[in-house]
Amino acid sequence: MEVGAVFCTNAYLLELATALLEHALDKSHTEVSLGDIVDLEDSKRIPLNSRDRAQRKGPYPYYGATAIMDYVDDYLFDGIRILLGEDGAVISDEGEAILQYVWGK
């Protein structure tokens with residue numbers, strides 16, 4: 001499958017999930033905490049400094065707050081994830097919060 005096709009498929013799935021969530025929220029009007037609808041996995045993350053990453057080169061992306069920082073020899077997660085900066089909001093020049101929608105290992 002081509003990268004463009006994967007991106008289009010994932011974009012469609014994200015739009016579908018958003019629409020389903022919005023529909024469910026419109027019907028229920030139930031207040032929930034973020035922890036009730038997502039799994040926070042920051043405690044599972046293993047920070048690697050540049051020296052550690054240099055010693056562990058491999059095929060798996062190592063994500064920073066806004067982008068892939070490097071590639072390492074092992075992975076912790078496999079599947080779709082939404083990543084956000086752990087040290088507070090990461091904001092673009094336009095004032096938009098930066099999140100990363102990632103998938104795979």
Side-chain angles (χ1 to χ4, degrees):
M1 185 179 287
E2 293 182 28
V3 173
V6 171
F7 178 76
C8 289
T9 300
N10 283 312
Y12 169 75
L13 291 173
L14 181 58
E15 286 182 36
L16 180 60
T18 301
L20 290 171
L21 177 61
E22 287 173 353
H23 179 70
L25 291 176
D26 285 344
K27 290 177 68 175
S28 67
H29 299 288
T30 302
E31 192 171 310
V32 297
S33 69
L34 183 60
D36 291 337
I37 58 174
V38 301
D39 292 324
L40 301 175
E41 298 179 308
D42 190 53
S43 63
K44 297 176 185 176
R45 187 176 163 272
I46 301 172
L48 300 175
N49 61 36
S50 59
R51 183 179 40 211
D52 295 333
R53 293 192 312 269
Q55 294 174 352
R56 297 185 55 183
K57 290 291 183 192
Y60 304 106
Y62 182 86
Y63 293 93
T66 61
I68 294 173
M69 293 178 61
D70 216 332
Y71 290 85
V72 295
D73 62 351
D74 201 3
Y75 63 92
L76 297 174
F77 306 105
D78 187 4
I80 296 172
R81 299 290 191 278
I82 303 282
L83 309 180
L84 62 140
E86 67 183 68
D87 297 328
V90 179
I91 305 296
S92 72
D93 292 339
E94 292 80 29
E96 302 281 330
I98 296 175
L99 298 174
Q100 297 177 77
Y101 176 75
V102 302
W103 58 92
K105 297 176 180 169

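Residues take their numbers from the sequence shown, with the count starting at 1. Since we're looking at a predicted model, the values are computed, not measured.
The minimum heavy-atom distance between Y62 and L48, with the atom names listed, is OH-N, 2.7 Å. Nearest heavy atom pair, residue L76 against residue I46, reads CD1-N, 3.7 Å. For the pair K105 and P61, the tightest heavy-atom approach, listed with the atom from each and the gap, is O-CD, 3.5 Å. Between D52 and N49, the shortest heavy-atom contact is N-OD1, 2.8 Å.
Following chains of ILVMFWY side-chain contacts shorter than 4.5 Å, one cannot reach I68 starting from I80, and the two form parts of different hydrophobic clusters.
For the pair V72/D74, no side-chain contact is recorded, criterion being any heavy-atom separation below 4.5 Å from C-beta on.
Using modelled atom types, no side-chain atom of Q100 and backbone atom of R81 make a donor-acceptor pair closer than 3.5 Å.
The ring-ring contact (aromatic ring centres under 6.0 Å, His included) test with Y60 is passed by exactly one of Y71, F77, Y75: Y75.
Applying the salt bridge (Lys or Arg N to Asp or Glu O under 4.0 Å) test to D73 and every residue at least two apart in sequence or in another chain returns R56. Evaluation of the ring pair (Phe, Tyr, Trp, His ring centres under 6.0 Å) rule for Y101 yields W103 as partners, not counting sequence neighbours.
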